[in-house]
Trainee: 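Sharing a structure here in C-alpha cells format.
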Protein chains: 4
Amino acid sequence: MSDDTKIFEELFDENKKLTEKQKKIIAAAIESFAEKGYAATSTSEIANKAGVAEGTIFRHYKTKKDLLLAIASPVMAKFLAPFVIKDLNKVLNQKYEHYEDFMKAMIKNRALFLKENIPLFRILIQEIPFQPELKEQFTEHVAQKIIDRLEKTINHYQEKGQIIEMPTYTVMRVTISTIFGYLIARYILAPEGDWDDEVEINRTVEILMHGLAPKEA
Amino acid sequence: MSDDTKIFEELFDENKKLTEKQKKIIAAAIESFAEKGYAATSTSEIANKAGVAEGTIFRHYKTKKDLLLAIASPVMAKFLAPFVIKDLNKVLNQKYEHYEDFMKAMIKNRALFLKENIPLFRILIQEIPFQPELKEQFTEHVAQKIIDRLEKTINHYQEKGQIIEMPTYTVMRVTISTIFGYLIARYILAPEGDWDDEVEINRTVEILMHGLAPKEA
Amino acid sequence: MSDDTKIFEELFDENKKLTEKQKKIIAAAIESFAEKGYAATSTSEIANKAGVAEGTIFRHYKTKKDLLLAIASPVMAKFLAPFVIKDLNKVLNQKYEHYEDFMKAMIKNRALFLKENIPLFRILIQEIPFQPELKEQFTEHVAQKIIDRLEKTINHYQEKGQIIEMPTYTVMRVTISTIFGYLIARYILAPEGDWDDEVEINRTVEILMHGLAPKEA
Amino acid sequence: MSDDTKIFEELFDENKKLTEKQKKIIAAAIESFAEKGYAATSTSEIANKAGVAEGTIFRHYKTKKDLLLAIASPVMAKFLAPFVIKDLNKVLNQKYEHYEDFMKAMIKNRALFLKENIPLFRILIQEIPFQPELKEQFTEHVAQKIIDRLEKTINHYQEKGQIIEMPTYTVMRVTISTIFGYLIARYILAPEGDWDDEVEINRTVEILMHGLAPKEA
DNA sequence: TATGAATGAGGCTTCATTCAT
DNA sequence: TATGAATGAAGCCTCATTCAT
C-alpha cells in the first residue's frame, strides 16, 4: 500500500529510464497542465519551466498531446492497480469481515494516493472530457474494471447480509459519490481547510454504512 | 419553479434584448465551449457556426473571455436562485415537514434544471477551475450562499430531530455528494442509460435518509 | 494569339477578383519560387517581399502548397489552351498547308508565351517532379491532351505525305525535343545571349523539316 | 566505355577510401535527394535510411550542402570524362568516319551511363538551378568543355561535308536537344514504357542526320 | 570513430482582435 | 450594425548542427 503513493517518483523516476531532462519536462508539464489546463499551456512555457530548449520536448514526445498521454496514462494504470488484485473475494473474506472495514480501508488508501498526486488527479478529471484517447482509456480500461470489482465486492457483502437489497449499481453509485465527494472536498475544494482526516473519514463511512445497512427486520 | 428550466430561452432570448445574431453567437459558443472547452474553441469557429462574421462577435463582446462570462454568469445566478428565496425557514416549515421530502423536491428540481442545461453545466464545471473570474463568482456569490442556506436548512431539520447529530458540514458534504453523484451519473456519465428517474431518485434519497437518520435511542 | 501571353496579368489580375494584397502575394511567391524553389522559400520571405503580414497569406491560401497550386494550375491550363482548339484538323487544313508552317506558327506562339512567363515556366518544370498534385495535373490534364492533338496533327501531315513514315511517337518526340531545346536554350540557359529569333527559329524548323521529310523515291 | 557506367560503385565504392557508413550515407542521400529534392530532405531522414546516427553524417560532411556536393561533383566530372579525351580529332578520324556513327556511339554511350545513374542525373538537373556552387561547376567546368569539344567535332564533320552549313551552335543545340529529348523520354518520362532501344536510337539518329545533312547540290 | 541528446533558430499555421468600408 | 480583410504575436513543430560521452 505504501508503494504506490508518489506516482511521480515511482513512474517517472525509477521504472522507466528517463533522462534528467525528461523528468524535468514531465514535472513542468504536470504543474502547468494542472494549473492552466492542457490547451492553455504552451510548450514554450513548459520548456522554460523545465529549463530545457523547446526542441528537447519534441525529441522525447513527438507531440504536445503525446506528452499529455505520457503523463495521464500511467496515472490511470496506477489508480486502477488496487482494483485488479487477483482473487479479490479471497482477499475480502480474509481481510475485511465487514463492508465498513473494507470501505474505510479503501477510502484511506485512495485518499493517500490522491493526496500525493493531486496535480495528476486534476489533469485527469479536467482533460478526460476533451481528449478522446483519454476518455477511451478511462472508460474501457479503468472504469470498467473498477465497476466489475466493485460489483463483485458489493454482491459479496450483500450476500453476507451487510448491505441493503438494492440494485448493485445504485449501491455502487452512492458509494463512489460519497468517497469522491470526500476526496474532492478534501483535496480540491478546500485543501487549506482544517481537516481531521481520521475522524472525518470515520464519520463519512458511518453515514454511508447507516444508509446502506439492511432494513431492520 | 417551472420557469427556471430552460436557461437559454429565458436568459438569452427574452430577458435581455439580444439581437438575432447575438443569440446565434451565444448558442454557437455554448455548443463549442461545452464540446471542446473554452481554450480549444476559436472565435472563427463560433462565427462560422453562428453564421455571422468574425468581427460581429467582437462588436458584442469585447473579448473572447467576455463571451464566456456572458454565458457563464447568468447560469450561476440562475442555478443559485432557488437557494436565495427570502425567508427560507418559513418556506421549509410550511412546505416540507420532513427532510426527506425537502431532499426529494430539491433533487428533482435541480435535476430538471440540469437536464435542460447540460451544456451550460458542463461549461461551468469545466471552466471554473481555469478562469479566476468564474472561480471568484462561484465561490463568493454562489457556493457561499448555497452553503449558508443548506446550513440553516440542515440545522432546521436537525433541531426537529430528523437528522443525525453530526457537524453540519459533514452532513452537507454527504448530501451534496449524493445529489451531484446522481446528477453526474445520470446526465454526464451515462446519459444514454435506461433510467427510471422517479425510482432512482427515491432509492438514492432513501439510502441518504437512512444514513442521516439519527441513531436509534 | 495576343491574348494569352502575359499570364500574370490575365489570370491573376483580371479574371479573378483578387485583392491588391493577393496580387502582391502571388507576384512575390512567383518570384521566390522561381528563384529558390518552393521548398527553400519561406512564407515569411514571401510576406516580406509582398509587403503584407504573414498571416495574410494564410487568409487567402490555407496552405503554402495551396499557394503553389494557385500559381501553377492556371499556368498549365493556359499553356494547354491552344492545343484544345475544337476541330483542329479543319483549322490545320485551312490554316497551314505545310507541316513546316504549322511548326513555325506553333513554336513562335509558344515561344512568345514562354517569353512572357519565364518564372512561371521555371516553377512548373522545377516543381512538377516533387509535387504529386502537379504531376497528376500535368500528366492527366495537360500532357495527354497535347499528345492527343499532336498525334492527330502528325497523322494529318503524314497522310499528306509531308512527314516521313515513322511511328507517330518518334516523330512527336523529336519535334517536341527540338522545340523545347530551342525554348530552354533561348530563355533559360542563355537568355542574355544575342538571339535573332526569327532567323534561329527558321533554322531550327528547317533542320527539323529536313529530318522529318519523307525519303526521296 | 564499360568502366564509367555505374558511377556509384566506381566513385563511391572503390576510388576513395569510404567507410561502410559513408557509403550508406551517400546511398541514402542519393535516394532521398532524387525522390524529394535536396531542400525537402532532412538529414535525420538520411541518417535513418542509412542506419547511422545523425551525428555521423556531420562527422563526414561538415554541412548538408557538403553532402550534396560530395554527391554531385563526381557525377559531373564523370559525365564530362568522354568529352575531354586528349587529341579528339585524331580519335574521331580514326574511329568514326561518319558523323552518324559518332552520334550513334555517343548517344548509346551516354544512354548507358544515364541508365545506370538515373537518380544521380535527376539530382543534377533538379538542383543545379538552385545551388550556385553546382551551377558554377556545371557552366564553367562541364558545359563549357562539352561545348568546346562538340564545336570541334561538328566543325570536323562539316569540313568533311557531312553536316549542313549552319552556325555551329545551331547544329549543336539541335543535336543536344535530340539526344536529351530521347534520354529524358526514355529514362524519366516513360521509363516503364516498352522501348526497343536499338531501334529507337537508330530512328532518332536517322531523323537527326536527315535534318543535318547538307543540301543536295 | 560513432553516437544521439540537446539546442535554438526558423518554418508553417492559427488566432484573437482591429478597422475601414 | 455588420462585415471580413488584415494583422502580428504566439503556437506547435522541424531541422541542421554541436558536443559530451
Side-chain angles (χ1 to χ4, degrees), chain A residues 18-22 24-25 39-48 50-67, chain B residues 19-22 24-25 38-48 50-67, chain C residues 18-22 24-25 39-48 50-67, chain D residues 19-22 24-25 38-48 50-67:
Chain A
L18 298 187
T19 330
E20 207 53 41
K21 306 245 171 194
Q22 276 196 70
K24 280 183 190 163
I25 291 169
T41 299
S42 75
T43 51
S44 80
E45 184 191 333
I46 296 172
N48 258 353
V52 303
E54 205 172 348
T56 307
I57 294 177
F58 292 93
R59 170 156 286 276
H60 295 293
Y61 307 95
K62 266 164 75 85
T63 291
K64 189 186 165 195
K65 184 164 289 175
D66 276 4
L67 177 56
Chain B
T19 59
E20 207 53 42
K21 305 240 174 203
Q22 278 195 69
K24 279 182 187 163
I25 291 169
Y38 168 79
T41 298
S42 74
T43 51
S44 80
E45 183 190 335
I46 295 172
N48 251 1
V52 304
E54 286 198 53
T56 308
I57 292 177
F58 291 91
R59 175 151 295 280
H60 293 292
Y61 307 94
K62 250 171 81 76
T63 293
K64 188 186 167 192
K65 185 162 288 176
D66 278 2
L67 175 57
Chain C
L18 298 188
T19 330
E20 206 53 41
K21 305 243 173 199
Q22 276 196 69
K24 281 183 189 163
I25 291 169
T41 299
S42 74
T43 51
S44 81
E45 183 191 335
I46 296 173
N48 258 353
V52 303
E54 206 171 347
T56 307
I57 293 176
F58 291 92
R59 170 155 286 278
H60 295 292
Y61 307 95
K62 267 165 75 82
T63 290
K64 189 188 165 193
K65 185 163 289 176
D66 275 6
L67 176 56
Chain D
T19 59
E20 207 52 43
K21 305 239 174 204
Q22 278 194 68
K24 280 182 187 162
I25 291 170
Y38 168 79
T41 299
S42 74
T43 51
S44 80
E45 182 190 337
I46 295 172
N48 251 359
V52 305
E54 287 198 52
T56 306
I57 293 177
F58 291 91
R59 174 152 295 278
H60 294 292
Y61 308 95
K62 252 172 80 78
T63 294
K64 188 188 168 193
K65 186 162 289 176
D66 278 3
L67 176 56

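Residue numbering restarts at 1 for every chain, and letters A, B, ... go by the order of the sequence lines.
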Trainee: According to a strict under-4.0 Å criterion, is A:Thr19 in side-chain N/O contact with OP1 or OP2 of E:dA5?
Mentor: no
Trainee: For every nucleotide of nucleotides 13-21 of chain E, 5' to 3': is a protein heavy atom under 4.0 Å from its base (B), only from its sugar-phosphate (S), or from neither (-)?
Mentor: BBSBBB---
Trainee: Stems in DNA chain E: runs of 3 or more consecutive Watson-Crick or G-U pairs, distances under 3.5 Å?
Mentor: E:2-21 with F:2-21
Trainee: Please give, in whole Å, the distance from F:dT14 C1' to D:Asn48 CG?
Mentor: 14 Å
Trainee: Take the protein atom CG of A:Asp66 and the nucleotide atom C1' of F:dC12, then report the distance between them rounded to whole Å.
Mentor: 13 Å
Trainee: Starting from the 5' end of DNA chain E, give me the residue, A:Ala53 or D:Ala53, whose nearest nucleotide shows up first.
Mentor: D:Ala53
Trainee: Less than 3.5 Å apart, which donor and acceptor atoms pair up between the side chains of residues 55-63 of chain C and the rest of the protein, not counting sequence neighbours?
Mentor:
{"unit_1": "C:Thr56", "atom_1": "OG1", "unit_2": "C:Ala53", "atom_2": "O", "d": "3.3"}
{"unit_1": "C:His60", "atom_1": "ND1", "unit_2": "C:Gln22", "atom_2": "NE2", "d": "3.2"}
{"unit_1": "C:Tyr61", "atom_1": "OH", "unit_2": "C:Gln22", "atom_2": "OE1", "d": "3.2"}

Trainee: Once you round it to whole Å, what is the distance between C1' of F:dT3 and CD1 of B:Ile25?
Mentor: 12 Å
Trainee: Could you state the NZ-P distance from C:Lys24 to F:dA5, rounded to the nearest angstrom?
Mentor: 17 Å
Trainee: If you look only at distance, which donor and acceptor atoms sit under 3.5 Å apart when one is on a side chain in residues 38-48 of chain D and the other is two or more places apart or in another chain?
Mentor:
{"unit_1": "D:Tyr38", "atom_1": "OH", "unit_2": "D:Lys65", "atom_2": "N", "d": "3.1"}
{"unit_1": "D:Thr41", "atom_1": "OG1", "unit_2": "D:Ser32", "atom_2": "O", "d": "3.3"}
{"unit_1": "D:Thr41", "atom_1": "OG1", "unit_2": "D:Gly37", "atom_2": "O", "d": "2.7"}
{"unit_1": "D:Ser42", "atom_1": "OG", "unit_2": "D:Ser44", "atom_2": "OG", "d": "3.3"}
{"unit_1": "D:Ser42", "atom_1": "OG", "unit_2": "D:Glu45", "atom_2": "N", "d": "3.1"}
{"unit_1": "D:Glu45", "atom_1": "OE1", "unit_2": "D:Lys36", "atom_2": "NZ", "d": "3.0"}
{"unit_1": "D:Glu45", "atom_1": "OE2", "unit_2": "D:Ser32", "atom_2": "OG", "d": "3.2"}

Trainee: To the nearest angstrom, how far is D:Ile57 atom CD1 from E:dG4 atom C1'?
Mentor: 12 Å
Trainee: Can you tell me how far the CG atom of A:Leu18 sits from the CD1 atom of A:Ile25, to the nearest 0.5 Å?
Mentor: 10.0 Å
Trainee: Atom CD of D:Gln22 and atom C1' of E:dA2: how far apart are they, to the nearest Å?
Mentor: 12 Å
Trainee: From CD1 of A:Ile46 over to C1' of F:dG11, roughly how many Å is that when rounded to an integer?
Mentor: 12 Å
Trainee: When you measure from the side-chain N and O atoms of D:His60 to the phosphate of E:dT1, is any distance below 4.0 Å, counting only OP1 and OP2?
Mentor: no
